[in-house]
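Worksheet for the structure shown next.
Start at 1 with the first residue, then count along the sequence.
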Amino acid sequence: MNSLLLTLALLSPTQDPEVETPSKERVEEAVGELSEAFGKKGGAEEKMQAITVSSEVVHPEVIKWIAKGLKDADDEVRGTTIEALRFMEHPDANDALVTTLRRDKKLRKNEDLYAALIKAVCQHANPKSFSLITDFNLNDETRDTLRARVYGIARFRTADSVEALFDVMKRGRKGRVHANMGEISTALMVLTGVDRGKSEAAWTKWWNDNKRDLKISPELPKLPKKTLTSWSRYWGLEVPEERRTRRGERGDDPEGDGKS
């Protein structure tokens, strides 16, 4: 794992944070820290530290300062910024990410940053971003950017998402689609609760039989443990089994007495 991916892995939380309205004093403190880090004497380490700490303060002024990192010359600063905005549950964070994905053509040359940016936009799953995520040439994508798009499509949880995944299968060369059926089938399972394995033919038959009456629940369906675990970890969500284990260790597990 290279340094950028390691940085992003270390920064990723295990679950979606609770969003509380920060105090005026906390906002001012965060802005001050960011202002100092992005000043003339601030280096990459100072910027990343300020971005990471300040990302806990979900406020437009703080987001405005953090978003400056999207244009930084240092790739690790940009990666840290993308990851911070990914988990800041605010429209301004989403807008900063979407604008960068639309306009920053140079960033696409960096596979790690590009995949992280797609993933961050999909984490917010704003319906207005759906067409931006689905509009791509399959043969232009790397393995990581394609996985970010395919898994990202499944976060929007609509019948259009299912249709978009089948459109991905139609657009790609047969060999390329086959190589990525693991990701595509996982995304389809997450949306529908149906398991047709990695067979393109089996999934296509299912789609032809069910597409007219298909309805997608806003909630995740029951999934095999392996699928749920890999999906949750990819998006930085807490795995239910892991949460129960920790509760048991604290002795307040509602499903057990905490004894081994």
With side-chain contact (heavy atoms from CB on, under 4.5 Å) as the test, would you mind laying out the steps for Leu132 and Arg102 before giving the verdict?
CA-CA 8 Å; Leu132 180 63; Arg102 287 185 185 279; 3.9 Å; yes
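- Between Arg108 and Asp104, no side-chain nitrogen of the basic residue sits less than 4.0 Å from a carboxylate oxygen of the acidic one, so the salt-bridge criterion is not met.
- A 4.5 Å side-chain heavy-atom check between Thr80 and Glu83 finds every atom pair outside the cut-off.
- When Ile63, Val27, Leu34 are each tested for a side chain to side chain contact (heavy atoms under 4.5 Å, CB included) with Ser54, only one passes: Leu34.
- Distance check, rounded to the nearest 0.5 Å: CG of Leu191 to CD1 of Ile153 gives 9.0 Å.
- In this structure the side chain of Asp75 never reaches within 4.5 angstrom of the side chain of Asp112, judged on heavy atoms.
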Between Met169 and Thr204, does a side-chain contact (heavy atoms from CB on, under 4.5 Å) hold up when you go through it step by step?
CA-CA 9 Å; Met169 292 164 60; Thr204 299; 4.1 Å; yes
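- How far CZ of Arg155 is from NE2 of His124: 9.5 Å, rounded to the nearest 0.5 Å.
- Here Ser35 contributes atom OG and Glu28 contributes atom CD; the two are 12.5 Å apart, rounded to the nearest 0.5 Å.
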Go through Asp72 and Lys47 one step at a time and tell me if the salt bridge (Lys or Arg N to Asp or Glu O under 4.0 Å) criterion holds.
CA-CA 10 Å; Asp72 199 86; Lys47 291 175 185 177; 2.6 Å; yes
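- Using modelled atom types, one side-chain atom of His90 and one backbone atom of Asp92 make a donor-acceptor pair closer than 3.5 Å.
- Considering CE of Met189 and NZ of Lys222, their distance stands at 12.5 Å, rounded to 0.5 Å.
- A cation-pi contact links Lys119 to Tyr234, judged by a cut-off of 6.0 Å to the six-membered ring centre and 45° from its axis.
- Looking at every heavy atom in both residues, Ala148 comes nearest to Ala115 through CB-O, 3.7 Å.
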side-chain contact (heavy atoms from CB on, under 4.5 Å), that's the test. Do Thr192 and Val162 meet it? Break it down for me.
CA-CA 8 Å; Thr192 67; Val162 179; 4.1 Å; yes
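- Minimum interatomic distance between Val190 and Ala154 (heavy atoms only, all atoms of both residues): CG1-CB, 4.5 Å.
- Using a 4.5 Å heavy-atom cutoff, the side chains of Ile51 and Trp65 are not in contact.
- When Thr81, Leu85, Ile118 are each tested for a side chain to side chain contact (heavy atoms under 4.5 Å, CB included) with Leu97, only one passes: Leu85.
- For the residue pair Thr134 and Ser131, no side-chain donor N or O sits within less than 3.5 Å of a side-chain acceptor on the partner.
- The aromatic rings of Phe156 and Phe130 stand perpendicular to each other, their planes meeting at an angle above 60°, with 30° marking the opposite boundary.
- Counting non-hydrogen atoms of neighbouring residues, nucleotides and ligands closer than 6.0 angstrom, the CG atom of Asn208 exceeds 12 such neighbours.
- Counting heavy atoms from C-beta outward, Val194 and Leu188 have side chains that stay 4.5 Å or more apart.
- Met48 and Phe38 fall within a single hydrophobic cluster, where Ile, Leu, Val, Met, Phe, Trp and Tyr are joined by side-chain heavy atoms under 4.5 Å apart, directly or via other members.
- The two residues Gln123 and Arg86 make their nearest non-hydrogen contact at OE1-NE, 2.7 Å.
- Between Arg233 atom CZ and Leu228 atom CG the span is 10.0 Å, to the nearest 0.5 Å.
- Judged by distance alone, with hydrogens and angles left aside, the side-chain atoms of Glu46 form a donor-acceptor pair with the main-chain N or O of Gly43 at under 3.5 Å.
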After noting the C-alpha distance and the side-chain angles of Trp203 and Met181, does the key distance pass the side-chain contact (heavy atoms from CB on, under 4.5 Å) rule?
CA-CA 10 Å; Trp203 273 112; Met181 275 307 298; 3.9 Å; yes
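- With respect to the salt-bridge test (charged N to carboxylate O, under 4.0 angstrom), the residues Glu183 and Arg143 qualify.
- Not a single donor-acceptor pair under 3.5 Å links the side chain of Arg157 to the backbone N or O of Ile216.
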Should Lys170 and Asp167 be marked as a salt bridge (Lys or Arg N to Asp or Glu O under 4.0 Å) after you check the CA-CA gap, both sets of side-chain angles, and the distance that decides it?
CA-CA 5 Å; Lys170 292 178 183 178; Asp167 187 49; 5.9 Å; no
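- At least one donor-acceptor pair closer than 3.5 Å links the side chain of Thr229 to the backbone N or O of Lys225.
- A donor-acceptor distance shorter than 3.5 angstrom exists from the side chain of Ser55 to the backbone of Thr52, with no hydrogens or angles considered.
- The six-membered or imidazole ring of Tyr151 lies near that of Trp231, with a centre-to-centre distance under 6.0 Å.
- With respect to Glu163 and Lys211, no salt bridge is recorded, no charged nitrogen being found less than 4.0 Å from a carboxylate O.
- Proximity of Arg171 to Val168: side-chain heavy atoms (C-beta onward) are separated by under 4.5 Å at one or more points.
- When all heavy atoms are compared, the tightest approach of Glu200 to Val177 is OE1-CG1, 3.7 Å.
- Checking side-chain atoms of Arg149 against main-chain N and O of Ile133 turns up a donor-acceptor pair under 3.5 Å.
- Contact detail for Leu220 and Leu223: the closest heavy-atom pair is CD2-CD1, 4.4 Å.
- Residues Thr145 and Thr142 have side chains that bring a donor and an acceptor to within less than 3.5 angstrom of each other.
- Asp74 CG to Glu45 CD: the interatomic distance, rounded to the nearest 0.5 Å, is 8.5 Å.
- Side chains of Glu111 and Tyr114 form no contact here, defined as non-hydrogen atoms less than 4.5 Å apart.
- Of all heavy-atom pairs between Ala96 and Leu70, the closest is O-CD1, 3.7 Å.
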